[in-house]
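Data first, discussion second: the structure below is written as structure tokens.
Below, chain A is the first sequence line, B the second, and so on; all start at residue 1.
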There are 2 protein chains.
Amino acid sequence: MAMVSIKDVAAYAGVSPGTVSNVLNRPGKVAPATRERVEAAISELGFVRHGSASTLRAGHSRTIGLSVIDIGNPFFTEVAAGVEDVASELGYAVILGNSAGSQDKEERNLRVLAEHRVRGVLITPSGEDPARLDRLRGHGISVVLVDHPAHRPDQCAVAVDDVAGGRAAVAHLLARGARSLAYVTGPLTIRQCVERREGAKAAMRAAGLDPEELRVAETATMTARAGEQAAAGLIAEGLPEAVFCANDLLALGVLRALLRSGVRVPEDVALMGYDDIDFAAASAVSLSSMRQPTYQLGRIATELLLDECDNPDTHAHQHIMFQPELIARESTQ
Amino acid sequence: MAMVSIKDVAAYAGVSPGTVSNVLNRPGKVAPATRERVEAAISELGFVRHGSASTLRAGHSRTIGLSVIDIGNPFFTEVAAGVEDVASELGYAVILGNSAGSQDKEERNLRVLAEHRVRGVLITPSGEDPARLDRLRGHGISVVLVDHPAHRPDQCAVAVDDVAGGRAAVAHLLARGARSLAYVTGPLTIRQCVERREGAKAAMRAAGLDPEELRVAETATMTARAGEQAAAGLIAEGLPEAVFCANDLLALGVLRALLRSGVRVPEDVALMGYDDIDFAAASAVSLSSMRQPTYQLGRIATELLLDECDNPDTHAHQHIMFQPELIARESTQ
DNA sequence: CGCCGGAAGTAAAACGTTCTACACCGAGGA
DNA sequence: TCCTCGGTGTAGAACGTTTTACTTCCGGCG
């Protein structure tokens with residue numbers, strides 16, 4: 001409980017509080033002898049700076065927010081790892097928000113971030129409502145979109161081309177000879193799900209198929225369990241020759257349900273996931289998938305954000321778009 | 001940039017700042033008519049409370065810290081989901097720290113948490129150094145241990161019995177007839193790894209085997225990749241009849257390497273993991289594992305922590321110990 | 001009629017930093 | 001001798017809340 005403040009340190013070292021603050025923030029400005037005395041006082045008294053006071057006075061904190069759609073998804077976990085690494089290298093703390101796909105929860109999380117006066121926010125939005133993010137920027141909080149293209153030019157964004165990904169995935173399935181296709185997807189309020197579907201339709205069109213023939217099974221969450229349920233539905237209605245899933249979690253669920261029902265993959269049904277999470281290669285039938293530079297997504301987004309915060313005048317907003325890579329494995333052999 | 005403060009709201013609503021603060025914190029204390037006027041002002045001006053100022057004055061924040069060993073491990077992800085859910089229900093924000101197994105990184109993270117004057121910290125320590133945690137408590141920050149028994153009586157802890165888990169796992173392997181065993185483990189600085197090994201040895205002793213015969217392969221990180229390397233080592237030195245891994249990530253790596261080398265699981269080698277992550281059931285050969293109440297671990301730890309913070313006088317410290325559950329699948333059939 | 005007491009609201013002092021403006025000092029140039 | 005000028009350091013005013021002590025008002029009671 002012995003809260004030791006900058007004043008105590010100052011008294012102990014025989015200097016003024018301002019000098020202690022200088023030692024903390026611009027050590028160059030203070031003479032070596034005094035600096036050492038102050039540093040000794042700091043460690044002897046076990047002083048730790050009160051971040052809130054500092055934030056209050058300085059007007060900004062060394063904290064950023066990260067808002068993701070599903071922290072249970074290894075895709076986001078890896079993004080988070082990239083974010084955390086960069087942030088901690090530069091001495092920033094990360095406040096984590098999990099929207100779990102709910103716009104309400106996302107809203108609540110953003111509010112918390114705004115109250116904390118975070119320096120900036122990294123967000124994979126769970127819906128299309130730029131207004132909400134603009135409000136943050138109104139409070140002087142920079143926003144970088146992760147795995148989502150920019151809403152506006154004066155904003156950084158790091159994304160992956162989901163239309164191209166969907167197209168490549170389905171083109172691959174069609175090249176294998178599949179003619180009837182199902183798309184198992186999360187909520188179509190999520191942009192990624194929509195764009196991957198558009199890519200899939202484009203591939204069908206390119207192959208001379210009617211894109212309206214694509215059977216779409218929409219689930220409420222993008223989890224393995226939801227995938228299992230979707231697969232049960234497909235089985236009940238009659239299986240297509242190939243199934244494309246909007247992410248690997250869904251695909252693993254579909255795979256599990258199919259195998260359990262005695263359906264052979266890929267002989268009876270070819271299967272593709274998306275994200276190429278680590279576990280895709282290790283599943284019962286190893287899963288073909290679209291690989292994305294996940295960790296890099298997190299790293300680069302964070303670097304952009306912190307550059308925007310720390311060097312506001314030289315900072316140039318960037319819209320980065322990666323291309324996903326097709327990884328063919330047993331499930332589409 | 002138009003930072004609107006409590007003063008602006010007060011002026012707009014024709015009251016004093018104190019009254020606005022009352023509306024915010026104890027709405028009961030202010031007359032309905034004024035309250036409405038203030039609330040209208042708040043929403044019209046788009047006021048959002050400055051958390052740091054509030055923390056500074058009130059002496060404590062509505063933020064907790066979560067420090068885990070590996071955010072890439074689904075085990076911790078699920079713990080984090082439990083934490084996040086409870087915290088956000090009670091209006092707390094969560095600052096995430098990933099120690100990545102490094103004590104230095106953990107130290108840095110704890111420092112950041114201390115600077116933020118978080119209300120409390122949930123931590124799965126990556127080493128045995130209670131002093132560090134005691135220092136936090138010295139700053140008035142409550143600490144609850146997650147997946148780790150208490151260091152001291154006046155402290156909450158939520159753990160799972162790892163000795164019993166190791167024993168059950170190995171007893172299961174022995175019951176299948178295995179006589180030569182290997183234990184693939186993460187760093188033996190991690191308590192869980194040590195205790196699971198002790199459990200394993202106890203099971204061997206109980207079966208009349210010499211516990212010193214247990215071959216221990218220690219890896220630097222607890223990832224699938226490390227598991228693959230460990231398996232390569234085992235193959236080179238001659239395979240045992242059964243392999244017990246300190247977690248599922250390692251086990252999935254071992255499995256992948258074994259299958260790639262043409263070793264049959266479970267016919268040639270039986271394999272057990274630990275944690276029963278979702279993917280264990282979906283792997284090439286479904287993985288036997290020890291299930292732990294992961295999400296509950298996070299939930300309960302957070303509830304204990306926030307109870308300790310919000311009701312310090314009625315709060316009773318608890319040491320909760322769960323028992324893990326054996327899940328037998330193909331890999332030990 | 002005077003007084004008491006509760007309800008509603010206010011003024012002003014904190015909280016621990018950071019930052020701006022200023023003071024001091026000794027050296028070097030005019 | 002006087003002035004200026006870096007180099008160091010200090011005093012004190014912020015920052016936006018919360019909170020304590022106080023005022024005001026009004027109804028009711030002796």
* Asked: Rounded to the Å, how far apart are L56(A) CG and dA14(C) C1'?
  -> 13 Å
* Nearest listed nucleotide, side chain of S5(A), among dG16(C), dG16(D), dG9(D) -> dG16(C)
* Atom CG of N22(A) to atom C1' of dA11(D): distance rounded to whole Å? -> 13 Å
* Asked: Do L122(A) and V94(A) touch side chain to side chain, with heavy atoms closer than 4.5 Å?
  -> no
* Just to confirm, is there a sub-4.0 Å distance from OP1 or OP2 of dT10(D) to any side-chain nitrogen or oxygen of S16(A)? -> yes
* Ignoring backbone atoms, establish whether S54(B) has a side-chain N or O less than 4.0 Å from OP1 or OP2 of dT17(D). => no
* Asked: How about T63(A) and H116(B): does a side-chain donor come under 3.5 Å of a side-chain acceptor?
  -> yes
* To do: Show the numbers, then the answer: is there a side chain to side chain contact (heavy atoms under 4.5 Å, CB included) between V9(B) and V4(B)?
  => CA-CA 7 Å; V9(B) 174; V4(B) 21; 4.2 Å; yes
* R57(B) (side chain) and dT18(D) (base): donor-acceptor pair under 3.5 Å -> yes
* Between N25(B) and dT18(D), is there a side-chain N or O to OP1/OP2 distance below 4.0 Å? -> yes
* Using a cut-off of strictly less than 4.0 Å, decide whether R49(B) has a side-chain nitrogen or oxygen near OP1 or OP2 of dT18(D). => yes
* Asked: Aromatic ring centroids of H317(A) and H319(A) under 6.0 Å?
  -> no
* Have a look at V20(B) and say if it touches a base, only the backbone sugar-phosphate, or nothing, with a 4.0 Å heavy-atom cut-off. => nothing
* **Side chains of I69(A) and D147(A) in contact at under 4.5 Å (non-hydrogen atoms)** => no
* Below 4.0 Å: OP1/OP2 of dT10(C) and any side-chain N or O of T19(B) -> yes
* Is the phosphate of dG9(D), meaning OP1 or OP2, less than 4.0 Å from a side-chain N or O of T34(A)? -> yes
* Tell me whether the OP1 or OP2 atom of dT18(C) has a side-chain N or O from R26(A) closer than 4.0 Å. => no
* Nearest-angstrom distance from the residue atom CE of M3(A) to P of dC15(C) -> 13 Å
* **Between C1' of dG9(C) and NZ of K7(B), the distance in whole Å** => 18 Å
* **Side chain of A31(B) - closest among dT10(C), dT17(D), dG9(C)** => dG9(C)
